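Below you'll find the structure, written out as C-alpha cells, and then a few comments.
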Amino acid sequence: MTEWRPVFVGVCLAACTESLVYAMTGQFTLVGGVTGSALAGYVVGTDPADGGWHGLMAGVAWGCLLMPLSVLLTFLERTPILFPFQYVIPLVETPGELTTAIMLALALPNVASGALGSRVRRDATGTWFDPEMAEVDAVEDA
C-alpha cells in the first residue's frame, strides 16, 4: 500500500531541485524527479521494493505537475524545454517508439533511485529511526 508522506516529501524535493535547475539552465531535466524519488525511497523504509514503488509514485506525481508546465513553456518559448528528449526525438521513427522511450526514461530512473534510497537507508548507521536502537535505548533508560 502506498504511504503518501514519502511521496509528498519526494515531490517537494523534486519541485525545489527542478526549480533551481530551471533557474540556472532554462530547461527542465529528470534530475528533480530522480532526487525526489530517492528521498521518497529513503523516507519509506529499508525495503528496496517499497522504495522502488514509492520512488515511482513520487515520479508519477511530479510528472503530473511537470509535464503540462513543460509543454506550455515549450509552446511559449518555441524551444524544446525538457532535456534530454530534444535529442531523442530525431532518433525515433514512430510515435510508439517515442512514447516507449519517454515512458521508460521517466519511470525506470525513478524506480531505481527509490530502491537505491531504501538500500542506502538499510546500510546507513544512525538514520533518524532505527527500531532496534529504540529498543536498546528503552532498555538503557529503564
Side-chain angles (χ1 to χ4, degrees), residues 1-140:
M1 178 156 226
T2 303
E3 295 179 32
W4 293 104
R5 182 179 63 97
V7 173
F8 178 73
V9 169
V11 170
C12 288
L13 179 63
C16 293
T17 303
E18 207 58 53
S19 297
L20 289 173
V21 170
Y22 182 75
M24 291 187 296
T25 66
Q27 289 187 319
F28 290 116
T29 64
L30 302 178
V31 172
V34 170
T35 57
S37 294
L39 182 62
Y42 184 84
V43 170
V44 78
T46 60
D47 182 19
D50 278 345
W53 171 251
H54 287 82
L56 178 63
M57 293 302 294
V60 167
W62 173 237
C64 288
L65 300 172
L66 178 66
M67 286 300 138
L69 180 63
S70 177
V71 169
L72 176 66
L73 289 175
T74 298
F75 284 128
L76 293 177
E77 301 288 327
R78 302 260 184 222
T79 58
I81 205 161
L82 184 59
F83 178 83
F85 295 114
Q86 69 263 34
Y87 302 114
V88 174
I89 292 171
L91 300 175
V92 297
E93 296 177 4
T94 65
E97 289 176 352
L98 181 60
T99 302
T100 302
I102 289 174
M103 290 303 173
L104 289 175
L106 294 179
L108 290 179
N110 292 321
V111 171
S113 67
L116 184 63
S118 290
R119 186 73 188 161
V120 165
R121 183 170 178 165
R122 177 185 291 180
D123 294 341
T125 56
T127 56
W128 37 279
F129 181 73
D130 185 5
E132 293 175 5
M133 291 305 294
E135 292 174 10
V136 170
D137 290 340
V139 170
E140 288 176 359

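As the structure is a computational prediction, the values presented were derived from the model and not from experiment. Each residue takes its place number in the sequence, starting with 1.
- Residue L13 comes nearest to T35 through the heavy atom pair CD2-O, 3.5 Å, listed as atom of the first residue, atom of the second, then distance.
- Under the 3.5 Å distance criterion, the side-chain polar atoms of S118 are matched with a main-chain donor or acceptor of G41.
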(request) List the steps and the verdict of side-chain contact (heavy atoms from CB on, under 4.5 Å) for V21 and Q27. (result) CA-CA 7 Å; V21 170; Q27 289 187 319; over 6 Å; no
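- For S37 (side chain) and G55 (main-chain N/O), a donor-acceptor pair under 3.5 Å exists by modelled atom type.
- Side-chain atoms of S113 come within 3.5 Å of backbone N or O of P109 as a donor-acceptor pair.
- Across all non-hydrogen atoms, the minimal contact from W62 to G33 is CD1-CA, 3.8 Å.
- Summarising the geometry of P68 relative to G63, their closest heavy-atom pair is CD-O, 4.0 Å, with the distance given to 0.1 Å.
- Annotation: the span from I89 atom CD1 to I102 atom CD1 amounts to 6.5 Å, rounded to 0.5 Å.
- Between G59 and N110, the shortest heavy-atom contact is CA-ND2, 3.6 Å.
- In terms of heavy-atom proximity, L106 sits nearest to M67 at CD1-CE, 3.9 Å.
- Screening residues 44-61 for side-chain hydrogen bond (donor to acceptor under 3.5 Å, both in side chains), with sequence neighbours left out, gives T2-W53.
- For A58 against G36, the heavy-atom pair with the smallest separation is CB-O, 4.4 Å.
- At a threshold of 4.5 Å between non-hydrogen side-chain atoms, the residues F8 and V11 do not count as touching.
- Of the possible polar contacts, one joining the R121 side chain to the Y42 backbone as a donor-acceptor pair under 3.5 Å is found.
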